[in-house]
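Below: the structure, in structure tokens.
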Amino acid sequence: MSSTSVHSLILFAHGARDPAWAAPFERLRALAQAAMPGAGVRLAFLELMQPGLHEAAALEIAAGAQRITVVPVFLGQGGHVRRDLPQLLEQLRQAHPQVRIDAVPAAGEDEAVLQAIAAYCVAAVRT
């Protein structure tokens, strides 16, 4: 999905060999896009799937993004989020110094996300 706004959102996930693995992330992207109709919202993957973070960012920048927020769609701050993502972000910032590129903590670190997952787990016991 291309951006016409100055702010873009990139949902950054791990990636998998099975293309069906990306389906929930595609739904998440669509939900975020619906909530932000004027912004570009893309998926990017660390490995095994495309686009990678560099490609997704380049597409948004080409579409006019001046600011990109990267949301790691991981449950925790493992090695990929603590080590790999900062390196990728630094490479992006060096390649595109005119663009503000930020990242937030992993989605699973957010209290509201944890509450939603806990509610889902509890509901599973009640059914």
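Hydrogens, waters and symmetry mates are skipped; everything else that's a heavy atom, side chains included, is used.
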Per-pair distances, 0.1 Å, donor-acceptor, side chain in residues 10-18, under 3.5 Å, sequence neighbours excluded:
unit_1 : atom_1 : unit_2 : atom_2 : d
His14  : NE2    : Glu47  : OE2    : 2.9
His14  : NE2    : His80  : NE2    : 3.2
Asp18  : OD1    : Ala20  : N      : 2.9

Without swapping roles, check the side chain of Gln33 against the backbone of Leu28 for a donor-acceptor pair under 3.5 Å.
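Absent.
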
As an exercise, state the distance from [atom1] of [X] to [atom2] of [Y], rounded to the nearest 0.5 Å.
X	Y	atom1	atom2	result
Asp84	Leu46	CG	CG	5.5 Å
Met36	Leu31	CE	CG	13.0 Å
Gln50	Leu43	CD	CG	12.5 Å
Leu85	Phe74	CG	CZ	7.5 Å

Which atom names give the shortest non-hydrogen contact between [X] and [Y], and what distance separates them?
X	Y	value
Pro51	Glu55	CB-CB, 3.8 Å
Ala32	Val41	CB-CG1, 4.0 Å
Arg42	Arg29	CA-CD, 4.1 Å
Glu60	Ser8	OE1-OG, 2.6 Å

Could you pull out all residues at least two apart from Ala58 that satisfy side-chain contact (heavy atoms from CB on, under 4.5 Å)?
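If we apply the side-chain contact (heavy atoms from CB on, under 4.5 Å) test to Ala58, skipping adjacent residues, there are no hits.
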
Partner set under side-chain contact (heavy atoms from CB on, under 4.5 Å) for Gln98, not counting sequence neighbours
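Per chain and number, Gln98 pairs via side-chain contact (heavy atoms from CB on, under 4.5 Å) with Ile61, His96.
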
For residues 100-108, run the donor-acceptor check on the side chains, cut-off 3.5 Å, and write out each pair with its distance to 0.1 Å, sequence neighbours left out.
unit_1 : atom_1 : unit_2 : atom_2 : d
Arg100 : NE     : Asp102 : OD2    : 2.7
Arg100 : NH2    : Asp102 : OD2    : 3.3

How does the hydrophobic cluster around Leu75 look, that is, which other residues are in it when side-chain heavy atoms under 4.5 Å mark a link?
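ILVMFWY cluster around Leu75 also holds Val113, Ile117.
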
According to a hydrophobic-cluster definition based on side-chain heavy atoms being under 4.5 Å apart (Ile, Leu, Val, Met, Phe, Trp, Tyr only), do Trp21 and Val73 belong together?
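As far as the 4.5 Å side-chain criterion goes, Val73 and Trp21 are connected within one cluster.
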
Do Gln87 and Gln91 get their side chains close enough for a donor-acceptor pair, meaning under 3.5 Å?
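No, no side-chain donor-acceptor contact under 3.5 Å.
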
Test Leu92 against every option in Ile68, Leu53, Val99 by the side-chain contact (heavy atoms from CB on, under 4.5 Å) rule and name the one that passes.
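Filter result, single survivor: Leu53.
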
Set of residues satisfying ring pair (Phe, Tyr, Trp, His ring centres under 6.0 Å) with respect to Phe45, sequence neighbours excluded
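Partners of Phe45 under the ring pair (Phe, Tyr, Trp, His ring centres under 6.0 Å) test: none.
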
